[in-house]
Amino acid sequence: MAFATTPSQDLLARSHRLGADPRNTNYAGGNTSAKGPGTDPVTGGEVELMWVKGSGGDLGTLTADGLAVLRLDRLRALKDVYPGVRREDEMVAAFDYCLHGKGGAAPSIDTAMHGLVDAAHVDHLHPDSGIALACAADGEKLTAECFGARVVWVPWRRPGFQLGLDIAAVKEANPQAIGCVLGGHGITAWGATSQECERNALHIIRTAETFLAEHGRAEPFGPVVEGYEAPPAGRRRERAAQLAPVIRGLASQDRPQVGHFDDSETVLDFLAGAEHPRLAALGTSCPDHFLRTKVRPLVLDLPPSAPLDEAVARLRELHAAYREEYAAYYARHAEPGSPAMRGADPAIVLVPGIGMFSFGKDKQTARVAGEFYVNAINVMRGAEAVSTYAPIEESEKFRIEYWELEEAKLRRMPEPKPLATRVALVTGAGSGIGKAVAHRLVAEGACVVVADLNGDSAAAVADELGGPDKAVAVTVDVTSEEQIADAFRAATLAFGGVDLVVNNAGISISKPLLETTARDWDIQHDIMARGSFLVSREAARVMTAQSLGGDIVYITSKNAVFAGPNNIAYSATKADQAHQVRLLAAELGEHGIRVNGVNPDGVVRGSGIFAGGWGAQRAATYGIEEEKLGEFYAQRTLLKREVLPGHVANAVFALTGGDLTHTTGLHIPVDAGVAAAFLR
């Protein structure tokens, strides 16, 4: 027996289907709505309601909480008080007076489009194929050729109340129409049922795709420029990893940014074509695109074969010019009431033959910015295939980029966490202290590269932390220069660079002097003394290329200071690490890189080292049962408290979270108080 569904349930199901296919709309782009009966909680009478995707939601993952719910009679009554185009932004605040009950999510600027159109169901989407027609120089003519009278052209108008009135009038005047193409923007479709609306939206999208494929000319981006073809993947990604920290540093002049790299065929094909400089300079068009990608990208005008030093020098020149041009763009269009300029660095940097670097306040934002520019490339391809790409005027782009409503949305964003935009690489992060550190850093806003000799453990921790937008896993033996370099390359390709490194990887060989072999000594020092040196050296290379400063933290030990029995190899190695902190603090300070250490003791629970035999050895040394080792360590401290991995992670955050900006060369004891290990 089938159960009847409500309009809002139908709406969510339709939204999920549409949002699951990137051909239909971009991430967080577009909105859908449904109208139907509801009950007035005050009078008990029936009222007509509209459920519509709220501000900032994503169709593919939309939930009931993400819907705004409005009284349709009140929303449509706003037509009687509409003050005209010059004051249409005031209508957004009026939507709050149309909400039903608590109203759900905040209504978006497109609410009027859905409410004023006389149809039970409305879909407004941003498909690449539809925007290609919308951004073609003769888009109106092409729309008629593609759809006949079933889809109507609506000239560009900024999203808002007037656009809702325009579309409502178009539907009323064209009863045969199933939707419209919005110049410079996207598409809108409607239907009497949810199924009909979805069917009409997909018909518009797929028909446009077929039209572009059948009528488009070859090489819409022009012929391939000799020398601008992409090198093999290995060489391409090697150059990308070399450039990424430099580009991230340039893109972070106004505020720190996280990066994302894309060397997909779509991007490389665009950058190999002769027309890419002209098209990139025209910028993106759809409002959703340039709000995330800025008005236009920065494009390196050198082939991938150019020497690295030459490419870096040219990027610096182009970045300085980009900042000047962006400031001029702002000055050309800003009015007395415009929001202040948000920053002049590019959000998208294109490097022919190599790929695209995109930037944002976190990894997801950076990734989505890149995805939107890929959408823009697809739009350019479609428009150039059948016509000429002709985005909206620069002044209109500015009006949307610096829209007060967009500024208000930014003001509603929560305050960033202390480590937001910072990229950390933690060695030995597959278990114990390293795992706890990784968890704390992500909780405080950082992106983390989980590095461990055990790749499966690293991958499991990365998954726990939230996956690729939060953490990535790398398998690395810290005694290998090549594997360490590979780990940092993976970090720069995943997040743009590295700002914070925690040297935590280690083992422990606990034996009396006469039983300690030269091999024991070499293994212990190779992993911890040599390994942390190699990791710090690679970190310094990346951090100095970024010119953003940075933090290197060594997880040393109270044994670096305290002399105990039967522990020569381990304790001597920890003393080596402790002095590396002081030496590197002295050397790297001029680059704004701070180097500090944490001296834990007795971290038994959750420790990979203790579980691997070290616990049994230490317990034998002290003549106690292994399972009571943590209690034993706690009782010999001043505080009589057991030290856990999370306590060490707390110290790492204390050193890197922003309060100790003027501290370097410091060791923080996390040992519950071991007087013999007091620093003097």
Side-chain angles (χ1 to χ4, degrees), residues 419 422 424-429 432-434 436-438 440-441 446 451 478-479 484 488 498-508 524-544 548-564 567 569-601 603 609 643 645 647-671 674 676-680:
L419 296 180
R422 303 204 75 192
L425 186 148
V426 183
T427 66
I433 290 172
V437 169
R440 181 63 192 272
L441 297 181
V478 295
T479 68
I484 290 170
F488 277 87
V498 177
D499 309 295
L500 195 167
V501 166
V502 181
N503 273 312
N504 170 72
I507 64 165
S508 183
Q524 189 73 72
H525 281 71
D526 279 352
I527 292 172
M528 294 202 304
R530 183 176 186 271
S532 54
F533 149 68
L534 292 175
V535 170
S536 296
R537 187 180 67 180
E538 200 64 30
R541 286 173 177 159
V542 173
M543 291 176 184
T544 54
L548 298 175
D551 281 286
I552 300 174
V553 179
Y554 281 65
I555 306 300
T556 52
S557 169
K558 78 97 166 59
N559 288 39
V561 182
F562 172 80
N567 207 9
Y570 179 81
S571 294
T573 306
K574 285 300 183 182
D576 185 314
Q577 287 186 309
H579 201 47
Q580 284 186 37
V581 168
R582 292 183 280 268
L583 292 166
L584 296 185
E587 182 173 344
L588 299 177
E590 64 177 290
H591 300 289
I593 301 170
R594 304 181 313 119
V595 188
N596 293 290
V598 178
N599 292 356
D601 182 47
V603 185
I609 286 180
V643 180
H647 300 137
V648 183
N650 294 343
V652 173
F653 173 66
L655 286 167
T656 60
D659 288 337
L660 299 180
T661 57
H662 291 57
T663 298
T664 192
L666 173 70
H667 283 277
I668 297 181
V670 182
D671 56 14
V674 177
F678 283 175
L679 298 172
R680 303 186 272 281

(message) To the closest 0.5 Å, what do you measure between CG (Leu548) and CZ (Arg422)?
(response) 9.5 Å
(message) For Gly434 versus Val426, what's the shortest heavy-atom pair and its separation?
(response) O-CG1, 3.8 Å
(request) Check the pair Phe533, Leu583 against side chain to side chain contact (heavy atoms under 4.5 Å, CB included), reporting the backbone distance first and the verdict last. (result) CA-CA 11 Å; Phe533 149 68; Leu583 292 166; over 6 Å; no
(message) How long is the straight-line distance from CG of Asn567 back to CZ of Phe562, given to the nearest 0.5 Å?
(response) 9.5 Å
(message) Checking the side chain of Lys574 only, and the main-chain atoms of Val561 only, is there a donor and an acceptor separated by less than 3.5 Å?
(response) no
(message) Taking side chain to side chain donor-acceptor pair (under 3.5 Å) as the cut-off, I'd like each qualifying pair that reaches into residues 581-593, sequence neighbours left out, listed once.
(response) His579-Arg582
(request) Among Val535, Asn503, Val581, Leu500, find the residue that satisfies the side-chain contact (heavy atoms from CB on, under 4.5 Å) test when tested with Ile552. (result) Asn503
(request) Look up atom CD1 in Ile527 and atom CG in Leu534, then write down how far apart they are to the nearest 0.5 Å. (result) 12.0 Å
(request) Measure across Thr479 and Asp526 and return the closest heavy-atom pair with its distance rounded to 0.1 Å. (result) CG2-O, 3.5 Å
(request) Considering non-hydrogen atoms only, spot the tightest contact between Tyr554 and Gln580 and give its length. (result) OH-OE1, 2.6 Å
(request) Please report the shortest heavy-atom distance between Ile433 and Pro600, naming the atom on each side. (result) CD1-CG, 4.4 Å
(request) Provide the closest heavy-atom pair for Met543 versus Gly550 in the form atom of the first, atom of the second, distance. (result) SD-CA, 3.9 Å
(message) Which heavy atom of Leu660 sits nearest to which heavy atom of Ala654, and what is that distance?
(response) CD1-O, 3.4 Å
(message) Nearest 0.5 Å, please: how far is CG in Asp576 from CZ in Arg530?
(response) 12.5 Å
(request) Test Leu655 against every option in Val502, Leu666, Val595, Asp551 by the side-chain contact (heavy atoms from CB on, under 4.5 Å) rule and name the one that passes. (result) Leu666
(request) Examine distances only and state if a side-chain atom of Asn596 and a backbone atom of Gly665 form a donor-acceptor pair shorter than 3.5 Å. (result) yes
(message) Taking salt bridge (charged side-chain N to carboxylate O under 4.0 Å, His left out) as the definition, give me every residue that meets it alongside Asp601, ordered by chain and number, with sequence neighbours left out.
(response) Lys558, Arg636
(message) If we ignore hydrogens and angles and just use 3.5 Å, is the side chain of Thr544 paired with the main-chain N or O of Arg541 as donor and acceptor?
(response) yes
(request) If a pair satisfies side chain to side chain donor-acceptor pair (under 3.5 Å) and one of its residues is in residues 648-670, list it, with sequence neighbours excluded. (result) Arg440-Asn650, Asn599-His667
(request) Report the C-alpha separation of Leu419 and Phe653 in whole Å, then their side-chain angles, then the decisive distance to 0.1 Å, and conclude whether the side chain to side chain contact (heavy atoms under 4.5 Å, CB included) test is met. (result) CA-CA 9 Å; Leu419 296 180; Phe653 173 66; 4.0 Å; yes
(message) Has Thr427 got a side-chain atom pairing as donor or acceptor with Asn504's backbone, closer than 3.5 angstrom?
(response) yes
